[in-house]
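The structure presented is a predicted model; accordingly, all values stated were derived computationally and were not measured. By convention here, the first residue in the shown sequence is residue 1.
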Amino acid sequence: MNETFYHNLPNGVQIVHRKTSSPVVYVGIMVGAGTRHELPNENGMAHYIEHCVFKGTEHYTARQIINHIEGIGGEINAYTTKEETTFYAATLRNHFRTTLHLLADMVLHPTFNKRETDKEVTVILDEIESYNDSPSELIYDDFENMIFEGSSLAMPILGTKKTLRRISKSPDIALNWMKTHYRPERMVLFVLGNISTQQVISTAEKELGNISSTASATSAASAASAASANTRTFHRHTHQTHIMLGSHAYPIGHPKQLTMYLLNNILGGSSMSSRLYLSLREKHGLVYNIDSQAVPLSDTGYWNIYLACEPQHKDQCLELCHKELHKLCETTLTTAQLQRALRQLEGQMAISAENQENNALAMAKQMLYYHHAPAWQETLAKVKEITPTQLQDVANEVYAPDKIYVLLYD
């Protein structure tokens, strides 16, 4: 099965539906509105909205929303990123219409009842404090602030205590922001499951077909870059030294994005045979865990390496990281090394594809930015065309020592 179907509603809402043999249906709405669309005095707005649409709509109370889904054995969730906000649910196929109706009502008709949202602000403030107590998470925010200084991409997704108190003063503040940014042309309805495409389209027309653009949407702010790479040290009360290093990379859809994807997997991907893991963990025993990631955004991107170590080992860890980066820049992979990396990546992609929730969310994001949602096999076929020389060229572009930022929690 696993056929993918596409359809656009007249108002601009994109629909992607992938048929599977599973009786479980994943359905959701992804909106191209996140932290980078906020002004500094409304930082945290996208995440605040993500929380507060669960607190009641024109047709359902907060308790009814939860009971509506859990009463049919389903699960509902949401998340916010720098560029998207996503609401989705998993349910049995015979409850698809009911589930999409609820999700659409949350996205289109929230009320932001002040008594309920005030309680949720307290929850978010607690989430911020919890985040501040977790250096392994907080360092990602501080690193993005460092490399995207001067851009809305530098702002934290959760916002600040000051901005949260401001945006929660009146329901109109959040409702007006939604009118501006929750526009049909920025929405993707995604469905993964064993139901007919015609059922998906007819239900979508009923629930989402009447959305109209009522305000001028502001475009995402351009991603400013700091003038030059540098090193910053924050003194925090942590037993270990937390380190992140990285730099700018390619945006979504860039011709070299997949090359960067493969290169990152070789450097510090999820396997225990990544170069960083073999060096810092297996050979030298300096860290419990180390990984790297490549993060493409709509008009920019970045890569990073994260590790935590004993303070006396921080210089050696940094030296070993730079050594592995230098190797990828200076030494071309052999054919055997490349084929091994490709086999490893193929296995990882196949295993990841067994997670239907991840498939549904990935499909939505592909649709939002590419207007197309290729299956993992199609992506793998393109990755297999990458040559050792192309990998080395990209390594020299993104791993150049003079471009690297280093952040330490010491």
Side-chain angles (χ1 to χ4, degrees), residues 1-9 13-32 65-66 68-79 81 84-107 187-209 252-253 258 261 265 270 342-384:
M1 202 175 273
N2 287 326
E3 300 173 275
T4 306
F5 302 91
Y6 307 95
H7 183 78
N8 285 358
L9 296 181
V13 175
Q14 297 184 82
I15 301 173
V16 56
H17 170 222
R18 183 167 295 159
K19 294 192 72 173
T20 69
S21 58
S22 172
V24 176
V25 173
Y26 290 88
V27 53
I29 299 170
M30 179 176 285
V31 186
I65 289 173
I66 299 302
H68 220 62
I69 290 295
E70 294 190 350
I72 57 176
E75 297 178 355
I76 190 168
N77 208 341
Y79 65 88
T81 71
E84 308 98 31
T85 308
T86 305
F87 309 89
Y88 66 102
T91 185
L92 294 176
R93 54 184 288 188
N94 53 311
H95 298 303
F96 166 71
R97 285 192 174 94
T98 300
T99 303
L100 179 53
H101 170 73
L102 180 64
L103 288 169
D105 200 51
M106 291 167 59
V107 172
M187 293 184 181
V188 172
L189 168 65
F190 59 98
V191 182
L192 188 149
N194 188 14
I195 58 175
S196 72
T197 300
Q198 186 52 51
Q199 183 180 357
V200 172
I201 293 172
S202 62
T203 310
E205 288 173 342
K206 178 182 178 182
E207 302 295 344
L208 303 173
I252 293 170
L258 288 180
Y261 172 53
N265 206 56
S270 59
L342 289 171
R343 287 194 301 271
Q344 183 182 73
L345 184 61
E346 180 175 8
Q348 291 174 359
M349 293 175 74
I351 292 169
S352 178
E354 292 296 304
N355 186 318
Q356 296 302 308
E357 180 176 338
N358 287 347
N359 284 346
L361 297 174
M363 182 175 70
K365 186 162 183 173
Q366 289 171 324
M367 196 69 184
L368 185 64
Y369 294 105
Y370 298 138
H371 312 295
H372 173 62
W376 70 270
Q377 294 92 337
E378 186 178 337
T379 301
L380 178 65
K382 293 181 179 180
V383 174
K384 286 185 174 181

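A 4.5 Å side-chain heavy-atom check between Val200 and Ile195 finds at least one atom pair inside the cut-off. Two residues are said to be in side-chain contact when any heavy atoms from C-beta on lie closer than 4.5 Å; Leu208 and Leu9 meet this criterion.
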Enumerate, atom names and distances included, each donor-acceptor pair closer than 3.5 Å involving a side-chain atom of residues 353-366, sequence neighbours excluded.
residue: Asn355; atom: OD1; partner: Glu357; partner atom: N; Å: 3.1
residue: Asn355; atom: OD1; partner: Asn358; partner atom: N; Å: 3.0
residue: Gln356; atom: NE2; partner: Ala353; partner atom: O; Å: 3.4
residue: Glu357; atom: OE2; partner: Tyr88; partner atom: OH; Å: 2.6
residue: Asn359; atom: ND2; partner: Ala353; partner atom: O; Å: 2.6

Enumerate, atom names and distances included, each donor-acceptor pair closer than 3.5 Å involving a side-chain atom of residues 97-106, sequence neighbours excluded.
residue: Thr99; atom: OG1; partner: His95; partner atom: O; Å: 2.8
residue: His101; atom: ND1; partner: Glu207; partner atom: OE1; Å: 3.1
residue: His101; atom: ND1; partner: Glu207; partner atom: OE2; Å: 3.2
residue: His101; atom: NE2; partner: Tyr60; partner atom: OH; Å: 3.1
residue: Asp105; atom: OD1; partner: His59; partner atom: ND1; Å: 2.7
residue: Asp105; atom: OD2; partner: Thr57; partner atom: OG1; Å: 2.4
residue: Asp105; atom: OD2; partner: His59; partner atom: ND1; Å: 3.4

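Partners of Glu70 under the salt bridge (Lys or Arg N to Asp or Glu O under 4.0 Å) rule, at least two apart in sequence or in another chain, do not exist in this structure. With sequence neighbours left out, the side-chain contact (heavy atoms from CB on, under 4.5 Å) criterion links Glu75 to no other residue. Annotation: ring-ring contact (aromatic ring centres under 6.0 Å, His included) contacts of His7 (sequence neighbours excluded): none. With sequence neighbours left out, Ser202 forms a side-chain hydrogen bond (donor to acceptor under 3.5 Å, both in side chains) with no residue at all. Residues meeting the salt bridge (Lys or Arg N to Asp or Glu O under 4.0 Å) test with Lys206, sequence neighbours left out: none. Applying the side-chain hydrogen bond (donor to acceptor under 3.5 Å, both in side chains) criterion to Thr81, with sequence neighbours excluded, gives Glu84. Applying the side-chain contact (heavy atoms from CB on, under 4.5 Å) test to Ser270 and every residue at least two apart in sequence or in another chain returns Gln348. When the side-chain contact (heavy atoms from CB on, under 4.5 Å) test is applied to Ser196, the partners found at least two apart in sequence or on another chain are Gln198, Gln199. In terms of the ring-ring contact (aromatic ring centres under 6.0 Å, His included) criterion, residue partners of Tyr6 (sequence neighbours excluded) are, by chain and number, His372.
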Apply side chain to side chain contact (heavy atoms under 4.5 Å, CB included) to Leu345 and Tyr261, showing your working. CA-CA 10 Å; Leu345 184 61; Tyr261 172 53; 3.8 Å; yes

Residues Ile69, Thr91; criterion side chain to side chain contact (heavy atoms under 4.5 Å, CB included); working and verdict: CA-CA 8 Å; Ile69 290 295; Thr91 185; 5.9 Å; no

Decide yes or no on side chain to side chain contact (heavy atoms under 4.5 Å, CB included) for Gln14 and His371, but give the supporting numbers first. CA-CA 8 Å; Gln14 297 184 82; His371 312 295; 2.8 Å; yes

Step by step, would you call Thr86 with Ile29 a side chain to side chain contact (heavy atoms under 4.5 Å, CB included)? CA-CA 6 Å; Thr86 305; Ile29 299 170; over 6 Å; no

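Taken to the nearest 0.5 Å, the CE atom of Met187 stands 15.0 Å off from the CE atom of Met367. Here the CD1 atom belonging to Ile252 is positioned 6.0 Å from the OH atom belonging to Tyr370, to the nearest 0.5 angstrom. Between Thr197 atom OG1 and Phe5 atom CZ the span is 4.5 Å, to the nearest 0.5 Å. Note that the CD atom of Glu346 and the CD atom of Gln377 stand 9.0 Å from one another [nearest 0.5 Å]. Atom OG1 of residue Thr85 and atom CZ of residue Phe87 lie 5.5 Å apart, to the nearest 0.5 angstrom.
Across all their heavy atoms, Gly193 and Val25 have their closest contact at CA-CG2, 4.1 Å. In this structure, Met30 and Phe190 approach most closely via the heavy-atom pair N-CE2, 3.9 Å. Of all non-hydrogen atoms in Ala90 and Val24, the two that sit nearest each other are CB-CG1, 4.3 Å. Between Val27 and Leu189, the shortest heavy-atom distance links the atoms CG2-CD1, 4.0 Å. In this structure, Leu368 and Gly32 approach most closely via the heavy-atom pair CD2-CA, 4.0 Å.
In this structure, the side chain of Arg93 engages the main chain of Asn194 through a donor-acceptor pair within 3.5 Å.
Test Lys19, His17, Arg18 against Thr4 for side chain to side chain donor-acceptor pair (under 3.5 Å) and you get one pass: Arg18.
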